[in-house]
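On a predicted model such as this, the values are computed, not experimentally measured, just so you know. In what follows, every chain begins at residue 1, and chains take the letters A, B, ... in the order their sequences are listed.
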Amino acid sequence: MSPFGTDLIYYKPWLFFIIIQTIGLTIFIMGMADNLNFYYRGKARSFRNNPSLGAMIKVFFNEILLQRQFFARGFFRWLNHILIFWGFLGLLSLSAIGVLLKIVPGDSAFFEFFTVGSGYLYYKFAGDLAGLMVLAGAAAALIGRFTTGPDSIDTRLTDTAALGFLLLLVLTGFLLEALRLAATPWAPAFEYSFVADFMAGLVAGRQVPGSLMTALWTFHATLTAAFVAYIPFSKMVHIFAAPAEIVINASEEELRGDLYGYLR
Amino acid sequence: MGISAKNKIPLSCLSPRQLIELDACSRCGECMKWCPIYAVDRSEDLIPGNRIAALKKLLKSQHGLRARLFAGDRFSKEQVDRLIEVLYECTACGQCHFVCPARIDTAELWEALREAVVEAGLGPLPNQAEYLRVLKKYENPFKEPQENRGLWVPRGLEQGTLYQDLPLITQSPQPVLFYLGCTASYNPEINLVAQWVANLMHKAGVKFGVLGNQENCCRGKLRRMGDGDFAAKAIENIDLLNSLGINTLVTNCAGCYKTIFQDYPRIKEINFKVYHAIEYIDMLIREGKLQLVNPVPVQLTYHDPCHLGRHNGIYDAPRRVLQAVPGVELVEMERIRQNSRCCGMGGGLKMGFPEIQALAAAERIKEAERTGAAAIVTPCPTCFLGLQTGAAKAESDIRVKHLMELVNLSVFGQ
Ligand code: SF4
Ligand code: SF4
């Protein structure tokens, strides 16, 4: 058993999980392939001059990893976005580790590190931290949409829906983990899952039927798949397109030299 | 009823980058706060991010998976017409690019989209189409005969405003060509600015000539409004200019400057350097070839033209020139340099929406008034005219000045 207790406190329909994730991923791949096909129908030149690799690398670091362009528009704007960006990236990386754990041999060091070793604790901590970052960023962005007035942010429904989607995804994830912890005898290692542990404290002592937890787990899995499928067809596609555009644009800015002081 | 298949907008006019840009917009709304046109016409569909979203929807309804899955057009003719109108109700000032977190190069994107809609037979707007027809027929937008283009030289000499005759570069080769553009050639008020530049270049000992009646329109307006003939027409000009044996071209017009400096080399290589007159004068002052000796005591504010500033990064040269004029006190407006508020003259907006241009320019004038300056000065003849319209619209007493007038006064004392 891992330091976090067992996962086997309620039934998880893994077959449904595999099917729904496969559908989500297939739609995602089809959508992205269609987007790529759309982009490559453009025949005009993308670069005015030869692309400058140096400028692209600098801009990637400053504008994508540090998101300085948001900072220039205000601290809270930056905080909002960087929380979602790094939080989302964190959750994505942790999901990738989760998938790997299903593939790698059970006796490998990687598997042992993340299941019974200290890796499990870091995994849980990172998961909660990343989730909290997305939660805070998405919540602040949603609040911003409705409080800063029509002059600053467009509050159209589809855009709000995308943020709501993200928020719901993380919230159900936390809730699931909290319910699982609440149903397991407390262990010091739970503190690594600091958000879920806190939430577990709130529901402690209440009996949650296994069927409800199964339903919640299924809902969360479906939501994840739906979110992945939704990306290529919604404004969430900017997750890929905006960094690409920022990097392509870097060469042009190096020529003009007035947008990024560090390229001069 | 939807638009017909022959009106399918070709993606080939855009680059892969520009098609990625349509997806890069997260509709964050930042551009909404800065767009000078949305500031004076609060139609939601004018917000750059909304415009991108709507155009993307239209293009995706015609191309790709969605077009195949949901065969048939989901856009009515009225919707498409409005979208085209929205695409042209924009000065392509590029302000949205500078504030956009995704760095979408909007000015380029709008121009490429305009080219695509023109190819599909959906643009430009009727007034703009007429403007372009006249431009192509007369080689200028004023319906003036080409043989009158060079008349300003003898006229200036006769009136005593032009101090020295100018050689025709085709007859007497010179290293520097002074390229006027249409407005400076035919509009007497702007022509005076050209004469000031010529006088200053003479004073500094620059060997230069003009093309006279052989000068063509730079044809930049064709590009701004998406006319597909631009490339072919530009090549005619490039070949002419390349054949002159010049090493430098100086132009007084910010629009011509952008076209020759930025658009021409993308079509065909040019074999000379291109300077806007203000950059060139700044260089001459710094080289000690021009002495600004006479004081011009005035408190003024400076308007960055989009084609010089945002589009080409020329912010400092004009300010250096201003500060070299003794007596001038420069007070800056709230929105300057990259964030300079457009006067509404670019991108063919004036031809399609003259009232919106006047309103946009009036906003800029109000900003200038808030500095307390007595005058607003600019080195672009088009902005100069646009700001005059704005001053009239805002019923403002602020004086609108061309920067060359100050330099001329300081160098020649008259
Ligand atoms: S600033 Fe850029 S990303 Fe934001 S809405 Fe405008 S165009 Fe889209
Ligand atoms: S280019 Fe200028 S006028 Fe056009 S949408 Fe952008 S900010 Fe507005």
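Residues of residues 92-101 of chain B placed with any heavy atom under 4.5 Å of a heavy atom in chain A are listed by number as B:His97, B:Phe98, B:Val99, B:Pro101. Close approach to chain B, defined as a heavy atom under 4.5 Å from one of its heavy atoms, is seen in A:Asp34, A:Asn35, A:Phe38, A:Tyr39 of residues 22-39 of chain A, taken by number. Taking 4.5 Å as the heavy-atom cut-off, the residues of residues 13-25 of chain B that approach chain A are B:Cys13, B:Leu14, B:Ser15, B:Pro16, B:Arg17, B:Leu19, B:Ile20, B:Glu21, B:Leu22, B:Asp23, B:Ala24, B:Cys25, ordered by number.
Contact of the B:Lys56 side chain with the A:Val237 side chain is registered, since non-hydrogen atoms from C-beta on lie closer than 4.5 Å.
With a 4.5 angstrom heavy-atom cutoff, A:Tyr260 touches chain B only via side-chain atoms. The parts of A:Phe233 that come within reach of chain B are both its backbone and its side chain, each placing non-hydrogen atoms under 4.5 angstrom from that chain. Residue B:Arg337: no heavy atom, backbone or side chain, is found under 4.5 Å from chain A. Heavy-atom distances place no part of A:Gln67 under 4.5 Å from chain B, backbone and side chain included.
Here the SG atom belonging to B:Cys28 is positioned 8.5 Å from the NE2 atom belonging to A:His81, to the nearest 0.5 angstrom.
Taking B:Trp34 as the reference, B:Glu30 meet the side-chain hydrogen bond (donor to acceptor under 3.5 Å, both in side chains) condition, with sequence neighbours excluded.
Around the CZ atom of A:Phe47, the shell of radius 6.0 Å holds more than 12 heavy atoms that belong to other residues, nucleotides or ligands. Residue A:Phe194 qualifies as enclosed at atom CZ: its count of foreign heavy atoms under 6.0 Å is above 12. Heavy-atom contacts from other residues, nucleotides or ligands closer than 6.0 Å to CZ of A:Phe16 number more than 12.
If you tally non-hydrogen atom pairs under 4.5 Å between each of A:Ala242, A:Pro232, A:Pro243 and chain B, the highest count goes to A:Ala242. The residue among B:Asn312, B:Ile104, B:Ile314 with the most heavy atom pairs within less than 4.5 Å of chain A is B:Ile104.
A:Arg41 and B:His63 make their closest contact through NH1-ND1, 3.3 Å (heavy atoms, listed as atom of the first residue, atom of the second, distance).
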